Amino acid sequence: MSFIQRAVKVPPNSVSLEEARHRVFDFFRAACRSIPTIMEIYNLDDVVAPSHLRSVVASEIRKNSSVTNPKVIDMLLFKAMEELNNITEHAKQRHHIIGQYVVGHQGLVQDLGTKDQGASGFLKDFYKSNYF
């Protein structure tokens with residue numbers, strides 16, 4: 001299977017913070033419009049809803065909301081466009097998408113307090129003292 005890499009055009013740098021802000025909104029719209037295609041490509045209908053993926057994209061954008069330098073915003077936007085291009089070109093596998101955007105950084109662990117229920121007092125103290 002051959003992979004045709006599309007040329008990613010680097011837009012000129014944003015002149016002002018307002019222009020960079022508009023570019024971020026345009027990227028968010030483009031990412032939200034590509035979510036149905038992504039769900040079809042990676043067969044994510046049984047795992048996640050499109051609204052959850054939209055909220056993940058929004059939270060990733062909000063994570064850098066404190067950045068005020070237009071050049072840094074342009075760099076982050078370029079990286080985000082590259083990531084979206086890789087996803088839509090099927091350069092990632094399904095488990096990469098699920099791990100990064102569905103499960104997230106917390107993992108599948110729902111309740112951390114129940115894992116040590118059957119352990120003895122000695123083991124509980126040992127685990128508490130050796131977990132960093």
Side-chain angles (χ1 to χ4, degrees):
M1 184 165 117
S2 67
F3 178 73
I4 301 171
Q5 183 177 7
R6 293 184 184 173
V8 178
K9 292 189 285 184
V10 179
N13 288 338
S14 299
V15 177
S16 66
L17 185 62
E18 190 65 27
E19 182 182 351
R21 185 174 174 261
H22 283 293
R23 287 184 182 186
V24 170
F25 285 137
D26 290 340
F27 169 75
F28 179 72
R29 283 188 208 101
C32 287
R33 287 183 184 132
S34 65
I35 285 176
T37 306
I38 292 168
M39 291 194 64
E40 182 181 332
I41 290 171
Y42 293 100
N43 195 18
L44 296 175
D45 292 321
D46 58 338
V47 180
V48 68
S51 60
H52 182 265
L53 289 179
R54 269 193 301 276
S55 67
V56 168
V57 171
S59 70
E60 289 293 323
I61 290 174
R62 283 188 192 112
K63 195 187 306 183
N64 296 310
S65 64
S66 63
V67 178
T68 57
N69 187 349
K71 289 184 179 183
V72 175
I73 293 173
D74 287 340
M75 185 263 315
L76 291 170
L77 194 56
F78 178 76
K79 288 172 68 174
M81 288 188 301
E82 201 171 326
E83 178 76 10
L84 181 63
N85 189 30
N86 286 340
I87 291 171
T88 55
E89 292 291 330
H90 209 292
K92 293 189 173 215
Q93 294 181 5
R94 185 174 190 255
H95 68 276
H96 295 139
I97 304 300
I98 292 172
Q100 286 179 335
Y101 302 109
V102 176
V103 176
H105 299 291
Q106 290 84 20
L108 291 173
V109 179
Q110 299 295 326
D111 188 12
L112 297 175
T114 61
K115 70 178 182 178
D116 292 331
Q117 278 183 341
S120 67
F122 171 75
L123 284 177
K124 287 181 185 177
D125 291 338
F126 177 76
Y127 291 148
K128 286 180 187 175
S129 67
N130 288 312
Y131 282 162
F132 297 112

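Since the structure is predicted, the reported quantities are computational estimates derived from the model, not experimental observations.
Across every non-hydrogen atom of R54 and I35, the tightest pair is CG-CD1, 3.5 Å. When all heavy atoms of V48 and M39 are compared, the pair lying nearest together is O-CE, 3.1 Å. Shown here for D46 and N43, the closest heavy-atom pair between the two residues is OD1-O, 3.3 Å. Annotation for S14 and A20: closest pair OG-CA, 3.5 Å, computed over non-hydrogen atoms. Residue L84 comes nearest to S34 through the heavy atom pair CD1-OG, 3.4 Å, listed as atom of the first residue, atom of the second, then distance.
Listed for the E83 side chain is no donor-acceptor partner under 3.5 Å among the backbone atoms of K79. When atom types are taken as modelled, the side chain of Y42 and the backbone of I87 share a donor-acceptor pair closer than 3.5 angstrom. Although no hydrogens or angles enter the test, the distance criterion places a donor-acceptor pair under 3.5 Å between the side chain of H96 and the main chain of Q93. Here the side chain of Y101 pairs no donor or acceptor atom with the backbone of V57 at under 3.5 angstrom.
For the pair N64 and I61, the minimum side-chain heavy-atom distance is 4.5 Å or more. The side-chain heavy atoms of R94 and L44, taken from C-beta on, include a pair separated by under 4.5 Å. Considering only heavy atoms from C-beta on, I73 comes within 4.5 Å of V24 through its side chain.
The existence of a salt bridge linking K71 and D74 is excluded, since no basic side-chain nitrogen approaches an acidic carboxylate oxygen closer than 4.0 Å.
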